[in-house]
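One structure is given here, and the rest of the page talks about it.
Just so it is clear, the model here is predicted, and its values are computed rather than measured. By convention in this document, chain letters (A, B, ...) are assigned in the order of the sequence lines, proteins followed by strands, and residues within each chain are numbered from 1.
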Amino acid sequence: MIKLSAVYALSGLVFAAFAVLSAMDANNRKRFGNAAFWGLVAVSYLAGDRLGDLGNGVLVLGLAAVAGFGLLGRGQPATTSPEERKALAERFGEKLFIPALTLPVVVAFGVLVLKPLEFGGAHLLDPKQATPLSLALAAVIAVGVALILLRQPLISPLQEGRRLMDTVGWAALLPQMLAALGAIFALAGVGQVIGDLVTTWIPMDARLTAVAVYCLGMAGFTIIMGNAFAAFPVMTAGIGLPILIHKFGGDPAVVASIGMLSGFCGTLMTPLAANFNLVPAALLELPDRYAVIKKQIPTALPLLIVNVVLMYVLAFR
Amino acid sequence: MLTLLGVATVVVGFAVRLNPLLVVTIAAFVTGLAAGLTPVEVLEAFGKAFNENRFVTAAYLVLPVIGVVERAGLQERARSLIGRFKGVSVGPFLIGYLAFRQLTSALGLTSIAGHAQSVRPMVAPMAEGAVEARTGELSDQTCQDTRAMASATDNIGLFFGEDIFIAIGSILLMVGFLATSGIAIEPLHLSMWAIPTALAAFVLHAGRLLLFDRKLRRSAGA
């Protein structure tokens, strides 16, 4: 069975290559900062399970220090100029889309065909990890397709990958760091404290108030924690179950489902959901870190109100 | 109550735009110490959780191929391709992408698109190309607005499509949580009740995309 460890080994090698190429990049004044940063990520992937908890903790401190003290620069690998790209775009035409579209095709193939595949009772892919495994497989195949079809230099996937990785910069590690912070929050019982605050101080005698507090609470809590999954157990244990379901007799499926989607409205509005909100701003080279969030708020807020109304109408039929 | 200091650290740190990796690390220590852990215990718990969440960062494995096709001119091609379809304006184009993202996510295919693999190399340049074809050269602000809108559309399509798929993480979490509370529920019921919100999200965001389109055209005409 192919497991997630294969993806980690591949990631480790790719980040190690980014680190080495960064160190050799004389055009980047902060090249050793970049080399250290991507090198630490490589170590995490290649040796994370052998470092021990404290070792991993020190590694994270290293990452935060390199980023926090502004030691990360932006690599300048040799690439094609805008004029060359226009000319190449003319020459290759629609062929250019093929490698990029190989990604979704292979991912879909992995999830729909390879995932259920078994040989003598053993799965080919670890079924719990089918999506990341398919994505890694797709990434490898698509690189091959691109190199053959577009005849680019063999080193170009690593150099161009490093160029994009440096564009994202420290933001690339933020989602993983926030996930780790979530674990500390859980350990310290932060969710419970906030849940208790909400349920103690807000009267929920009327059904509509209770629905509104639950939905807005899911969104607000998600904004603070960066993740609707962290908000759901707390808010549902505090309000959803005892009040909406048990006291007012709401349909559990409706309450839970629309409650979670109210949390998703919160996800659209928080910088703590970094992989959805901050990483894209870096990837698209937007000078305002919060540009994507600002575009999402005008959809998220009305949708949150719609959720309150939907739950009120649908849960108590 | 003291444990909330960590939350406050995050809020203040992000608001004054300190480096977020530093903010998160400090918040972890503030929270852990307030909860009575020793600094070493916090560092161990933080390191352990970081290591367990490595799959999050593995998604960047798509960057090499995206870089190669960009090197060979994909963004430029995507931009000019849309210009040849004179009838396609940015609003309807992004509405089409929204529908595509919602429908495929509802089938469980959440990873076939995303910011790195589709928005940066194709969707954003096409959206920019669609605006350009109507209004001529783009200002920096218009460029940034269009790109940010493309990313926002990807997120909204994903979030309000994936919960219709019965085997997605959030559905499994809800089933598990309700089961421990003594309520047995079919995943299918949860996903069914995600449909009304999905439709509302589509209508709301599609409306905003049309307004966005109209605003760009007005400001170009003025």
Selection from [options] maximising heavy-atom pairs under 4.5 Å formed with chain A:
| options | result |
| --- | --- |
| B:Gly36, B:Ala35, B:Ser111 | B:Ser111 |
| B:Glu52, B:Glu70, B:His189, B:Gln75 | B:Glu70 |
| B:Val203, B:Val23, B:Asp140, B:Asp145 | B:Asp145 |
| B:Asp154, B:Thr25, B:Leu4 | B:Leu4 |
| B:Ala194, B:Ser181, B:Ser170, B:Ser191 | B:Ser170 |
| B:Val7, B:Val10, B:Thr197, B:Val175 | B:Thr197 |

Relative to chain B, which segment of [X] carries a heavy atom at a distance below 4.5 Å: side chain, backbone, both, or neither?
| X | result |
| --- | --- |
| A:Val105 | neither |
| A:Leu103 | side chain |
| A:Leu150 | side chain |
| A:Glu90 | both |
| A:Phe92 | side chain |
| A:Leu63 | both |
| A:Val143 | both |
| A:Asp251 | side chain |
| A:Leu59 | side chain |
| A:Leu197 | side chain |
| A:Ala237 | both |
| A:Leu310 | side chain |
| A:Ala108 | both |

Contact part of [X] toward chain A, heavy-atom cut-off under 4.5 Å: side chain, backbone, both or neither?
| X | answer |
| --- | --- |
| B:Met192 | neither |
| B:Ile185 | side chain |
| B:Leu81 | side chain |
| B:Ala34 | neither |
| B:Leu18 | backbone |
| B:Pro196 | both |
| B:Leu61 | both |

(message) I'd like to know if A:Glu160 pairs up with B:Arg71 as an ion pair, taking the criterion as any Lys NZ or Arg NE/NH1/NH2 lying under 4.0 Å from an Asp or Glu carboxylate oxygen.
(response)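 The answer is yes: the pair qualifies as a salt bridge.
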(message) Whether A:Glu84 and A:Arg91 form a salt bridge (side-chain N of Lys/Arg under 4.0 Å from carboxylate O of Asp/Glu) is what I want to check.
(response)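 Judged by the 4.0 Å cut-off on N to carboxylate O distance, A:Arg91 and A:Glu84 do not form a salt bridge.
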(message) Please determine whether salt bridge (Lys or Arg N to Asp or Glu O under 4.0 Å) holds for the pair A:Asp288 and B:Arg17, giving the CA-CA distance in whole Å, both sets of side-chain angles, and the decisive distance to 0.1 Å.
(response) CA-CA 11 Å; A:Asp288 180 3; B:Arg17 303 199 182 202; 3.7 Å; yes
Please tell me whether [X] and [Y] have a donor and an acceptor in their side chains that are separated by less than 3.5 angstrom.
| X | Y | result |
| --- | --- | --- |
| A:Thr79 | A:Arg85 | yes |
| B:Glu44 | A:Asn56 | no |
| B:Ser139 | B:Thr142 | yes |
| B:Tyr97 | B:Ser118 | yes |
| B:Gln144 | B:Arg147 | no |
| B:Asn155 | B:His115 | yes |

(request) Determine the interplanar angle of the A:Phe232 and B:Phe177 rings, folded into 0 to 90°, and report it as parallel if under 30°, tilted if 30 to 60°, perpendicular if over 60°. (result)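 Taking B:Phe177 first and then A:Phe232, their aromatic rings stand perpendicular (interplane angle over 60°).
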(message) Measuring centre to centre across the rings, with the benzene-like ring taken for any Trp, is B:Phe202 within less than 6.0 Å of B:Phe160?
(response)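 No: the rings miss the under 6.0 Å criterion.
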(message) Would you say the rings of B:Phe55 and A:Tyr8 are close, in the sense that their centroids are separated by under 6.0 Å?
(response)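 Ring-ring flag for A:Tyr8/B:Phe55: false, centres at least 6.0 Å apart.
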(message) When you compare the side chain of B:Met149 with that of B:His205, does any pair of heavy atoms fall below 4.5 Å?
(response)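 Of all side-chain heavy-atom pairs linking B:Met149 with B:His205, at least one is under 4.5 Å.
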Which residue out of [options] racks up the most heavy-atom pairs below 4.5 Å with chain B?
| options | value |
| --- | --- |
| A:Ile245, A:Ile223, A:Thr267 | A:Thr267 |
| A:Pro82, A:Pro153, A:Ala300, A:Ala274 | A:Pro153 |
| A:Leu187, A:Val107, A:Val140, A:Leu278 | A:Val107 |

(message) side-chain contact (heavy atoms from CB on, under 4.5 Å) for A:Cys265 and A:Asn307? Distances and angles first, verdict last.
(response) CA-CA 9 Å; A:Cys265 292; A:Asn307 275 332; 3.7 Å; yes
(message) Which residues pass the side-chain contact (heavy atoms from CB on, under 4.5 Å) test with A:Ala315, not counting sequence neighbours?
(response)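 side-chain contact (heavy atoms from CB on, under 4.5 Å) list for A:Ala315, sorted by chain: A:Val254, A:Val255, A:Met311.
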(message) What's the separation between atom CG in A:Leu181 and atom CD in A:Gln176, rounded to the nearest 0.5 Å?
(response)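 Here the rounded value is 13.0 Å.
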